[in-house]
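Worksheet: the structure to be examined is printed underneath.
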Number of protein chains: 2
Amino acid sequence: MSAIDLNKAPVPNPFGTLNPCAACTVRDLSICQVLNETDLQRLAEIATTMEIAARAPILDEGEDASYLFNVTGGTVKLYKLLPDGRRQITGFLYGGDFLGIAMNEQYAYSAEAVTGVTLCRFPRKKFEHLLTVLPNLEQRLLSAASNELVQAQDQMVLLGRKTAKEKIVSFLLALSRRLEARDKAPSPVHLPMSRSDIADYLGLTTETVSRTFSALKRNGDIRLLDGGKVELPDIEALTEIADGY
Amino acid sequence: MSAIDLNKAPVPNPFGTLNPCAACTVRDLSICQVLNETDLQRLAEIATTMEIAARAPILDEGEDASYLFNVTGGTVKLYKLLPDGRRQITGFLYGGDFLGIAMNEQYAYSAEAVTGVTLCRFPRKKFEHLLTVLPNLEQRLLSAASNELVQAQDQMVLLGRKTAKEKIVSFLLALSRRLEARDKAPSPVHLPMSRSDIADYLGLTTETVSRTFSALKRNGDIRLLDGGKVELPDIEALTEIADGY
DNA sequence: CGAATGATTGACGAATATCAAGCTGCGTGG
DNA sequence: CCACGCAGCTTGATATTCGTCAATCATTCG
């Protein structure tokens, strides 16, 4: 059974005849950015908007890749499991991110909602057909894939060669840079995911994550606010820590 | 200065008016596979074939990404460095692989020839222009990027969650599967790269790599032949080791 | 208020890194 | 042709980071 069935039923056209993209708050961040009115309409015709509750599965590794998604709100985690239960989170997705570039006929990873999530779902076959007639969209997707690969390589450096402290600080800085890229203040950053999620993303244990946060706090490098917010008082200094100078 | 300048001068058209792709031994493995005669000719017009000596640099991280490449022979390593010299090899490329998907205006990583390497070089601007008029090629590139992302995620699991033994065995099996995908015998596999390269690819030290090979050999899981070849007597058994059953 | 879940802290142990010493194979030059 | 030297590989002894096991604390939600 598809994991998606466990969630709230999709709403095929909640806006009546109106294009649902008109209300999309992350359009300019998403792959839809490159589409004109007409083309956007064509994409909207195959799209279904959905809401997923926090902790609910979105898709499972190995499952037939029948759908692709735009994340329009909330936080999603992507992960892979080893047979004995060890888990590696390969990425977090936020509003504007595309979910489903990295797959063949089956999904290469599982995806689960970290917070409540809103999605825009596309049947893969129809989406792939659209790609052939909307060259802009295909270009944009290639560019997204290229960016993801660059990120993936940074993550390999982190996982393979950085210390626990460097990993944590790199993670916080990546979130901070993401805020900056969207013209928001680079601090504080928000951590919607658990310590255990952070650990599985950075190749650590929850205990080490916790201890490292405590040590950074003790040293004045970060300040832990409530609501999972973290203040970064000196981003320059943190940048040096992250790269191990 | 561009790293490429250090190498043997490129040969713009070593085949006279003949299409150099006619002689290409890896065409069916490369992105060129999807091109017909006419389109192949257009790609060939912007291509330059090159030879790079073992250990010579091909490109440097941060450098303007002026060229993209097809690897037509030999082994290439891609890597990133931390300021203090720690190195993470993010991938090895072999004949048929495309070099340059993961970049923006600058290369995201450095590339160096492990063995003697032959390359097919394309000026990026011209290549990108070709993409807009050869939809097949763009699709193929997107598909290549998608595959690379899947691989990248496997590598994250390896780096973040596997033991030294699991890492080494996973690496050997990946090489073996590559052989199989090309209809060759899955064993023995050839390791053209040094222990130190393997270590930097797997997030280990050379000493740990060496010790782990010795332990696997002692246990009869592998046999080290000369010429850097490794025999895998029981691939089933190794598969279980690789995933930590 | 109590139970459950997640976060933090502590004590200890294990996997792998580090430091150091040989070993091997290969190219070079006498 | 052989000996030397060098680079890479292997092996050993020790150190260190981080994981494991366990207890306490904090927060949320019935």
Subject >> Separation of atom CZ in B:R161 from atom C1' in D:dG19, rounded to whole Å >> reply: 10 Å
**OP:** Verify the contact: side-chain N or O of A:R86 to OP1 or OP2 of D:dG19, cut-off strictly under 4.0 Å; return yes or no.
**Re:** no
Original post:
How would you label the contact of B:G203 with the nucleic acid (heavy atoms, under 4.0 Å): base, sugar-phosphate, or nothing?
Top reply: sugar-phosphate
Original post:
Looking across every strand, which nucleic acid part, if any, lies under 4.0 Å from A:R55 by heavy atom: base, sugar-phosphate, or nothing?
Top reply: sugar-phosphate
Original post:
Can you name the nearest heavy-atom pair linking B:G220 to B:P233, along with the distance?
Top reply: O-CG, 3.8 Å
Original post:
Under 4.0 angstrom, heavy atoms only, what part of the nucleic acid is A:T163 near: base, sugar-phosphate, or nothing?
Top reply: sugar-phosphate
Subject >> Side-chain donor/acceptor contact of B:R211 with base of C:dT18 under 3.5 Å >> reply: yes
**OP:** Round to the nearest Å and state the distance from A:L224 atom CG to D:dT27 atom P.
**Re:** 12 Å
Original post:
Within the structure, does a side-chain N or O atom of A:S210 lie under 4.0 Å from either OP1 or OP2 of C:dT9?
Top reply: no
Original post:
Using a cut-off of less than 4.0 Å, is there contact between a side-chain N or O of B:T208 and OP1 or OP2 of C:dT16?
Top reply: no
**OP:** Among D:dT10, D:dG19, C:dT8, find the nucleotide with the atom closest to the side chain of A:R195.
**Re:** C:dT8
Original post:
With a 4.5 Å limit on heavy-atom distance, are the side chains of B:Y107 and B:E61 in contact?
Top reply: no
Original post:
Whole-Å distance between D:dG19 C1' and A:E207 CD?
Top reply: 8 Å
**OP:** Using a 4.0 Å heavy-atom cut-off across all strands, classify B:T205 as base, sugar-phosphate, or nothing.
**Re:** base
**OP:** Inspect the contact between B:D97 and B:R178 and indicate whether a charged nitrogen and a carboxylate oxygen are less than 4.0 angstrom apart.
**Re:** yes
Subject >> Lys/Arg N to Asp/Glu carboxylate O, B:D154 vs B:K162, below 4.0 Å >> reply: no
